[in-house]
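Inspection log for the structure reproduced underneath, given as structure tokens.
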Amino acid sequence: MSASPLPARRSVLRGSLAASAALALPAAVGAAAPAFALSGRPKAGWGVQTGDVTADSGLVWVRSDRPARMVVETSATESFRNPRRWHGPLLGTDTDFTGTTRLRGLPPGEQIHYRVLLADPDDPRRTGEPVTGTFRTASERRRDGVRFLWSGDLAGQGWGINPDLGGYRIYDAMGKLDPDFFLCSGDNIYADGPIAATATLPDGSTWRNITTEEKAKVAETLAEFRGNFRYNLLDENLRRFNAQVPSIIQWDDHEVRNNWYPGERISDSDTRYTEKSVDVLAGRARRAFSEYFPVSTLRPGAREGRVNRVLHQGPLLDVFVLDMRTYRNANSPDDQTVDPQGILGAEQLEWLKRELSCSRAVWKVIAADMPLGLVVPDTTEGRANIEAVAQGDPGAPLGRELQIAELLRFIKHRRITGTVWLTADVHHTSAQHYQPARAAFTDFEPFWEFVSGPLNAGAFPASALDSTFGPERVFVKAPTAANVSPAGGYQFFGEVDIDGGSGELTVRLREQDGTVLFTKVLQPGRVGQ
């Protein structure tokens with residue numbers, strides 16, 4: 001495909017995306033999910049998504065309203081002259097009518113226009129109305145630069161899609177920045193957080209939610225987990241964003257249950273759950289997660305079958321997506337003096353070391369679904385345990401800190417340059433600088449960790465810092481009260497902009513409307529910052 005005559009590097013097909021958005025879902029208020037008419041041709045009313053896009057490949061996702069064959073057409077222009085056709089899977093009940101098609105051999109650094117057709121399995125000539133989208137492949141030219149956004153935490157604490165506020169408005173603000181991709185740092189759903197029709201706000205006014213049957217209780221069955229992922233796609237802002245911006249998705253705890261870990265059993269006192277095995281719940285959640293997001297390592301038939309992966313975004317950037325949930329040890333006081341499993345598991349730690357050593361990108365973004373130096377307690381069912389890495393003891397590394405200390409030491413001694421940590425999880429935004437001169441553990445080079453989120457969830461006060469790795473909170477914006485609704489503000493996303501000329505990496509922490517709160521510029525080619 002030849003290069004399209006673009007007015008700007010990140011041009012957006014407003015007309016095409018508007019046409020896609022016109023395939024709006026029926027209103028879903030009250031207690032029922034939308035029902036699609038089963039007459040006529042297959043429909044793709046849940047929109048389209050792309051994910052794990054690289055310089056020459058990407059995944060396209062869609063959901064049908066009935067059995068259908070997925071077909072994708074791509075073109076260098078939105079006129080779709082001489083399109084290239086990709087035959088995708090048969091969408092059926094085994095995947096909740098969802099499917100992904102891998103596009104290979106794409107031109108690097110090009111705007112790709114695509115449309116998804118759903119064909120009748122018995123008559124391929126009968127297709128539904130096409131749904132269009134666009135994305136840009138990663139450039140192999142350093143001078144083009146890279147710009148992306150990140151955040152996490154969607155529809156948490158009972159704060160769902162509020163039509164009075166315009167739904168998930170933050171996606172509209174993010175879409176206007178037209179990034180190369182969006183990194184979601186976990187908690188894409190709150191499977192453990194039912195959404196009621198209304199909630200009373202502190203000022204006495206009423207928050208109103210769109211509701212569905214699957215969001216009326218905690219998710220236990222596969223159908224309920226699937227319904228949680230479908231719920232967010234009721235929002236027009238999110239569907240429009242998905243059609244414009246490719247994603248890199250990771251997961252954390254609320255895709256399954258608050259603060260979960262492998263082998264956990266839910267106590268009999270939590271009567272919300274009839275299924276008490278968290279491993280069973282996690283298996284169902286993982287299946288639904290793999291069905292509703294285009295994740296290259298979780299596709300049907302993928303050999304890896306894991307969430308952690310590396311996405312190469314050209315010479316300037318590699319994104320290392322961690323899974324700090326699947327391989328962790330049990331939550332505990334986290335004060336053990338030996339801890340080979342830690343929060344990553346031994347195998348994932350070795351994988352990360354190996355991939356960091358092999359990376360030739362100027363910048364290595366480590367996408368963590370939990371922060372390093374912020375104390376995140378686990379008080380589930382009255383326990384006094386630790387959920388993340390830091391446990392509040394300012395001394396030498398203990399518990400899961402031992403594994404992070406090993407990683408930081410490795411980065412220093414291997415002289416691995418350009419590492420930056422991004423995360424969400426704690427429902428406020430902040431910037432922490434980690435410095436050995438302030439730390440109890442000193443065998444590492446300084447680095448930055450940036451926190452953003454929530455996208456649409458309750459906001460919470462800033463977490464306490466643990467000085468084992470010497471963090472200094474350079475910036476923070478957080479409420480003083482717990483569980484402030486999105487109507488009260490404190491919804492955030494972050495932006496990373498890597499300049500193709502200088503190689504400088506600029507981080508901007510932004511509010512829901514896009515207002516810049518904090519900016520930090522980092523220099524390339526350094527082991528520490």
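Shown here is Arg414, whose CZ atom has no more than 12 heavy atoms of other residues, nucleotides or ligands within 6.0 Å.
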Under the criterion salt bridge (charged side-chain N to carboxylate O under 4.0 Å, His left out), I'd like the reasoning laid out for Glu350 against Arg354: C-alpha separation, chi angles, the key distance, then a yes or no. CA-CA 6 Å; Glu350 291 308 308; Arg354 183 172 62 253; over 6 Å; no

Given the rule in the salt bridge (charged side-chain N to carboxylate O under 4.0 Å, His left out) test, do Arg309 and Asp52 qualify, once you have shown the distances and angles that lead to the verdict? CA-CA 10 Å; Arg309 59 203 189 279; Asp52 286 8; 2.9 Å; yes

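If you look at Phe181 and Phe135, their ring centroids are not closer than 6.0 Å. Checked against the 6.0 Å centroid threshold, Phe289 and Phe293 count as a close aromatic pair. Ring pair Trp150/Phe148: centre-to-centre distance not below 6.0 Å.
Between Thr50 and Pro294, every side-chain heavy-atom pair lies at or beyond the 4.5 Å cut-off. Counting heavy atoms from C-beta on, the side chains of Leu59 and Thr101 never come closer than 4.5 Å.
Closest of all the heavy-atom pairs between His427 and Gln157 is CE1-OE1, 3.4 Å. Taking each heavy atom of Asp180 and Gly145 in turn, the nearest pair found is OD2-O, 4.4 Å.
Defined by atom type and a distance below 3.5 Å, a donor-acceptor pair is missing between the side-chain atoms of Asn242 and Arg239. Side-chain N/O atoms of Gln250 and Asp323 include no donor and acceptor closer than 3.5 Å.
Listed by chain and residue number, Glu73 satisfy the side-chain hydrogen bond (donor to acceptor under 3.5 Å, both in side chains) test with Arg115 (two or more places apart in sequence, or in another chain). Not counting sequence neighbours, Asp279 has no partner by the side-chain hydrogen bond (donor to acceptor under 3.5 Å, both in side chains) test.
Using a 4.0 Å cut-off between charged nitrogen and carboxylate oxygen, Asp192 and Arg257 do not count as a salt-bridge pair. Using a cut-off of 4.0 Å between Lys/Arg side-chain N and Asp/Glu carboxylate O, Asp144 and Arg141 are scored as salt-bridged.
The aromatic rings of Trp61 and Tyr292 are tilted relative to each other, their planes meeting at an angle between 30° and 60°.
Within the 3.5 Å criterion, the main-chain N or O of Ile195 finds no donor-acceptor partner in the side chain of Asn209.
In this structure, the separation between CD1 on Ile112 and OG1 on Thr134 is 8.0 Å, given to the nearest 0.5 Å.
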